[in-house]
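Reading through the structure tokens given below for one structure.
Below, read A as the first sequence line, B as the second, and so on, with proteins coming before strands; counting in each chain starts at 1.
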There are 2 protein chains.
Amino acid sequence: MKIGELSARTGVSIRSLRYYEEQKLLTSVRMDNGYREYSPLAEEQVRTIQFYLSLGLSTEQIASFLTCVLKNKEAFCEEVLPIFERKLKEIDGQIHLLSQIKSNLEDRIRSIQEER
Amino acid sequence: MKIGELSARTGVSIRSLRYYEEQKLLTSVRMDNGYREYSPLAEEQVRTIQFYLSLGLSTEQIASFLTCVLKNKEAFCEEVLPIFERKLKEIDGQIHLLSQIKSNLEDRIRSIQEER
DNA sequence: ATAAACCCTGACATTAATGTCAGGGTCAAG
DNA sequence: CTTGACCCTGACATTAATGTCAGGGTTTAT
């Protein structure tokens, strides 16, 4: 399948598909005319990439385990767990920071409302 | 006081102080030699700016109410409340999203660990 | 008068995935 | 053979606060 079809099937822009290839997340073979040709598996692969991106992982992180994960279950890829754990820590930190800001904002909003 | 001193007193880089001025968060008068001269009040003002930045507000948002807030209490500045409320909503959204990601990551980490 | 320590402006870099445009091939249908 | 719908590469733009560098004045102390 050509890039336009893959894009239509997955909802991912052509620009992004090319970017994923550049980042070694996705491969294609070139036809004689220079067009990219994708295997039918590419569709699932793109969805997988999008899923990991939605978890906030970078293309670099995804690239480090994607090949393995596409062949095996996550549990069999050594690289996966440390990346998930690092990301989880990072997210905990972000939630913590946001919660502090949230409390601060709530306090200020409350005291503004009381003073009126 | 000159910019170096203000920077030293507040811990804010000279680069940032100039940027705040560009964003109309901070004012200075120019000496004959072109140097910026700051009033003693500037120190407090810079701390106020930094505080609002730490709440995740943009320089544009801060600019919209800073003048008022520096003169009055927050409660007397009409502009403040809607900005705080908008930011609060935004942060709630972010926390919510991050929480979903966190759950997803935790699930995956757990099932990886169980499978080993 | 020279060196060190200031100050100035302007400009480019940073991050990361994606949008968008230019300039140019390719292919299919009419 | 032309038109429209594809495809290609390369490059610049986006966001926002801050870092950093270049090239050049000023001030202070020696």
[N] [atom2] sits how many Å from [X] [atom1], rounded?
X: A:Lys2; N: D:dA5; atom1: NZ; atom2: C1'; answer: 10 Å
X: A:Leu6; N: D:dC7; atom1: CG; atom2: C1'; answer: 14 Å
X: B:Glu21; N: C:dC7; atom1: CD; atom2: C1'; answer: 13 Å

Close residues, residues 81-97 of chain A, relative to DNA chain C [heavy-atom separation under 4.0 Å]: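 Listed by number, there are none.
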Under 4.0 Å between a side-chain nitrogen and a carboxylate oxygen: does that hold for B:Glu21 and B:Arg18?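 No, no charged N to carboxylate O under 4.0 Å.
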Polar side-chain atom of B:Ser28 near backbone of B:Glu37 as donor-acceptor pair, under 3.5 Å: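 Not a single qualifying donor-acceptor pair exists.
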Residue pairs, two or more places apart or on separate chains, that pass disulfide bond (SG atoms under 2.5 Å apart) and touch residues 64-110 of chain A: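 Pairs touching residues 64-110 of chain A that pass the test: A:Cys68-A:Cys77.
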Return a single string for nucleotides 8-20 of chain C, one symbol per nucleotide in 5' to 3' order, where B is base contact, S is sugar-phosphate-only contact and - is none, cutoff 4.0 angstrom on heavy atoms. BB-B-----BBBB
Is any side-chain heavy atom of A:Lys102 closer than 4.5 Å to a side-chain heavy atom of A:Leu98?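 Result no, sub-4.5 Å side-chain heavy-atom pair not found.
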Residue pair A:Arg30 / A:Arg36, side-chain heavy-atom distance below 4.5 Å: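 They are in side-chain contact.
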Would you say B:Leu55 ends up clustered with A:Ile95 if hydrophobic residues are merged whenever their side chains have heavy atoms under 4.5 Å apart, either directly or through other cluster members?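 Both belong to a single hydrophobic cluster.
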Is the ring pair B:Tyr52/B:Phe65 parallel, tilted or perpendicular, if the boundaries are 30 and 60 degrees?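 Plane angle over 60°, so perpendicular.
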Can you tell me if A:Glu115 has over 12 outside heavy atoms packed within less than 6.0 Å of its CD?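 Enclosed: over 12 neighbouring heavy atoms sit under 6.0 Å from CD of A:Glu115.
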With ILVMFWY side chains joined below 4.5 Å, transitively, what does B:Leu41's cluster contain besides itself?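 Hydrophobic cluster check, B:Leu41: no partners found.
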So what is the end-to-end bend of the helix from C:dA1-D:dT30 to C:dG30-D:dC1, with 5 pairs used at each end and the value given to 10 degrees?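 The angle, to the nearest 10 degrees, is 40°.
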Can you tell me which residue pairs pass the salt bridge (charged side-chain N to carboxylate O under 4.0 Å, His left out) test with a partner in residues 5-14 of chain B, sequence neighbours excluded?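 Only B:Glu5-B:Arg9, B:Arg9-B:Glu43 qualify under salt bridge (charged side-chain N to carboxylate O under 4.0 Å, His left out).
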